[in-house]
Amino acid sequence: MVTYEDIRKNEDIRTYIVRADESLTALGYTEHSFAHVVKSAETAKYILETLGYPKRDQELAQIAAYLHDIGNVVNRADHAQSGAVMAFRLLDNMNMPAGEIATVITAIGNHDEGTAVAVTPIAAALILADKTDVRRSRVRNSSPATFDIHDRVNFSVRESSVEINEDHTVIALQLTIETEMCSIMDYFEIFLGRMVLCRKAAAKLGLEFHLVINGQQLL
């Protein structure tokens, strides 16, 4: 059995994550390295664990989340699809069973906004985990005077959490933001498409998706 820890220790995979993030750095994107993929893996596991999915499904979601952005080493365009193909080769070489590989690459290939569809619970968990990773530490730019809107949105976040309620009916992204740095309208300009995708992913898991900013429910 290929475990999440096996994936994290694999030096080839680590190289692809590092090099993919280097490419995104050159393009001016926010952080997509180990902090992002590990946080995504933790959130994906939390979602499926809280909803009572089998432990192996939880682990496959972690694996998909850890690998989901490696396609950026090829190109930002269509990185979900190229990443899925790369993940297939890596996991096949690690002798993961075909059925599990199919589960992982389906999730990876369906995580990006332009082509994403929550076709499975694991794909849904990955979408939610990826799109809700909003935090100040993702900003690479050290000069607020030159922030673009993506930098402003992430840098404005003081606190961020993803929580499923006790009744398992709602999953909420709760943000505390500094509105002097980023208006709530800025947030919607960048993230409305992502939040709509989160709503569809949540529905796949039998949940409602709520966006709460500074204590006010906006979605």
Side-chain angles (χ1 to χ4, degrees), residues 20-21 23-24 27-32 35-37 39-41 43-44 47 61 64-65 67-72 74-84 106-141 147-157 159-164 170-179 181-214 216-219:
D21 190 52
S23 293
L24 293 183
L27 292 169
Y29 281 81
T30 52
E31 179 268 324
H32 283 69
H36 172 58
V37 298
K39 182 173 178 57
S40 296
T43 302
I47 291 168
L67 295 173
H68 78 277
D69 271 338
I70 58 173
N72 285 302
V74 177
N75 197 293
R76 180 62 178 174
D78 301 320
H79 74 278
Q81 289 72 40
S82 55
T106 294
I108 294 171
N110 280 282
H111 86 269
D112 191 51
E113 289 98 306
T115 54
V117 180
V119 291
T120 67
I122 289 174
L126 173 54
I127 289 168
L128 287 162
D130 179 37
K131 305 312 174 193
T132 58
D133 183 15
V134 188
R135 52 190 162 81
R136 177 169 293 188
S137 55
R138 294 195 73 182
V139 178
R140 309 178 198 267
N141 190 345
F147 279 177
D148 66 11
I149 192 169
H150 294 85
D151 292 331
R152 290 201 307 273
V153 164
N154 280 278
F155 193 82
S156 72
V157 176
E159 296 179 9
S160 173
S161 65
V162 176
E163 298 176 0
I164 296 174
V170 172
I171 183 168
L173 171 60
Q174 305 220 27
L175 300 175
T176 302
I177 71 170
E178 296 175 354
T179 54
M181 175 65 66
C182 166
S183 71
I184 291 176
M185 188 58 68
D186 280 343
Y187 188 91
F188 269 97
E189 181 179 342
I190 293 297
F191 288 105
L192 182 58
R194 300 181 190 187
M195 297 301 100
V196 171
L197 181 57
C198 284
R199 185 172 64 186
K200 293 178 180 178
K204 179 70 176 181
L205 296 168
L207 301 169
E208 291 182 11
F209 178 78
H210 292 176
L211 171 62
V212 181
I213 299 180
N214 293 350
Q216 181 177 1
Q217 183 178 324
L218 302 175
L219 183 68

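Just so you know, residue 1 is the first one in the sequence shown, and it goes up from there.
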Asker: Return the OG to NZ distance between Ser160 and Lys39, rounded to the nearest 0.5 Å.
Answerer: 5.5 Å

Asker: Under the 3.5 angstrom rule, does the side chain of Ser156 hit a backbone N or O of Val153 as a donor-acceptor pair?
Answerer: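 Answer holds: yes.
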
Asker: Could you report the tightest heavy-atom contact between Arg76 and Leu27, atom names first, then the distance?
Answerer: CB-CD1, 4.3 Å

Asker: Please round to the nearest 0.5 Å and tell me the distance separating atom NE2 of His210 and atom CZ of Arg199.
Answerer: 10.5 Å

Asker: With sequence neighbours left out, write down each residue that passes ring-ring contact (aromatic ring centres under 6.0 Å, His included) with Phe209, or none if nothing qualifies.
Answerer: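 Here no residue qualifies.
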
Asker: Would you please test Val162 and Ile171 for side chain to side chain contact (heavy atoms under 4.5 Å, CB included) and show each step?
Answerer: CA-CA 7 Å; Val162 176; Ile171 183 168; 3.7 Å; yes

Asker: To the nearest 0.5 Å, tell me how far Thr132 OG1 sits from Leu173 CG.
Answerer: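 Reported to 0.5 Å precision, the distance equals 6.0 Å.
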
Asker: Quick one: closest heavy-atom pair of Ala77 and Asn75, and the distance?
Answerer: N-OD1, 2.9 Å

Asker: Do Ile177 and Asn214 come within less than 4.5 Å of each other through their side chains, counting heavy atoms only?
Answerer: yes

Asker: Ignoring hydrogens and geometry, is there a side-chain-to-backbone donor-acceptor pair from Arg140 to Gly28 under 3.5 Å?
Answerer: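 Here the side-chain-to-backbone pair does not exist.
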
Asker: Checking Ala41 now: which residues fulfil side-chain contact (heavy atoms from CB on, under 4.5 Å) with it, not counting sequence neighbours?
Answerer: Tyr4, Gln62, Ala65

Asker: Rounded to the nearest 0.5 Å, how far does CG of Asp78 lie from CG of Asn72?
Answerer: 11.0 Å

Asker: List the residues meeting side chain to side chain donor-acceptor pair (under 3.5 Å) with Asn141, not counting sequence neighbours, and say none if there are none.
Answerer: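 In terms of side chain to side chain donor-acceptor pair (under 3.5 Å), with neighbours along the sequence ignored, Asn141 is linked to Thr146.
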
Asker: With sequence neighbours left out, what residues match Glu159 under side-chain contact (heavy atoms from CB on, under 4.5 Å)?
Answerer: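 Residues passing side-chain contact (heavy atoms from CB on, under 4.5 Å) with Glu159: Thr176.
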
Asker: Mind checking what makes salt bridge (charged side-chain N to carboxylate O under 4.0 Å, His left out) contact with Arg135, not counting sequence neighbours?
Answerer: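 Once residues adjacent in sequence are excluded, the partners of Arg135 under the salt bridge (charged side-chain N to carboxylate O under 4.0 Å, His left out) criterion are Glu31, Asp133.
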
Asker: List in chain and number order the residues that pass side chain to side chain donor-acceptor pair (under 3.5 Å) with Arg136, two or more places apart in sequence or in another chain; answer none if no residue qualifies.
Answerer: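 With sequence neighbours excluded, Arg136 shows a side chain to side chain donor-acceptor pair (under 3.5 Å) to Glu178, given in chain and number order.
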
Asker: Which pair of heavy atoms, one from Leu205 and one from Ala125, lies closest together, and at what distance?
Answerer: CD1-N, 4.3 Å

Asker: What residues form a ring-ring contact (aromatic ring centres under 6.0 Å, His included) with His36, not counting sequence neighbours?
Answerer: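 Counting only residues at least two positions away or on another chain, His36 forms a ring-ring contact (aromatic ring centres under 6.0 Å, His included) with His32, His68.
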
Asker: Quick one: list whatever passes side-chain contact (heavy atoms from CB on, under 4.5 Å) with Ser23, sequence neighbours left out.
Answerer: none

Asker: For Ile127 versus Ala201, what's the shortest heavy-atom pair and its separation?
Answerer: CG2-CB, 3.9 Å

Asker: Quick one: list whatever passes side-chain contact (heavy atoms from CB on, under 4.5 Å) with Val74, sequence neighbours left out.
Answerer: Ser82, Met86

Asker: Show me the side-chain donor-acceptor pairs of residues 108-116 shorter than 3.5 Å, one per line, residues at least two apart or across chains.
Answerer:
{"from": "Asn110", "atom 1": "ND2", "to": "Thr106", "atom 2": "O", "distance (Å)": "2.9"}
{"from": "His111", "atom 1": "ND1", "to": "Ile108", "atom 2": "O", "distance (Å)": "2.7"}
{"from": "His111", "atom 1": "NE2", "to": "Asp69", "atom 2": "OD1", "distance (Å)": "3.4"}
{"from": "His111", "atom 1": "NE2", "to": "His79", "atom 2": "NE2", "distance (Å)": "3.2"}
{"from": "Glu113", "atom 1": "OE1", "to": "Lys131", "atom 2": "NZ", "distance (Å)": "2.9"}
{"from": "Glu113", "atom 1": "OE2", "to": "Arg194", "atom 2": "NE", "distance (Å)": "2.7"}
{"from": "Thr115", "atom 1": "OG1", "to": "Gln81", "atom 2": "NE2", "distance (Å)": "3.1"}

Asker: Ignoring hydrogens, what is the shortest heavy-atom contact between Asp148 and Asp151? Give both atom names and the distance.
Answerer: OD1-N, 2.8 Å

Asker: Of all the heavy-atom pairs spanning Lys204 and Ala118, show the shortest one and how long it is.
Answerer: CD-O, 3.3 Å

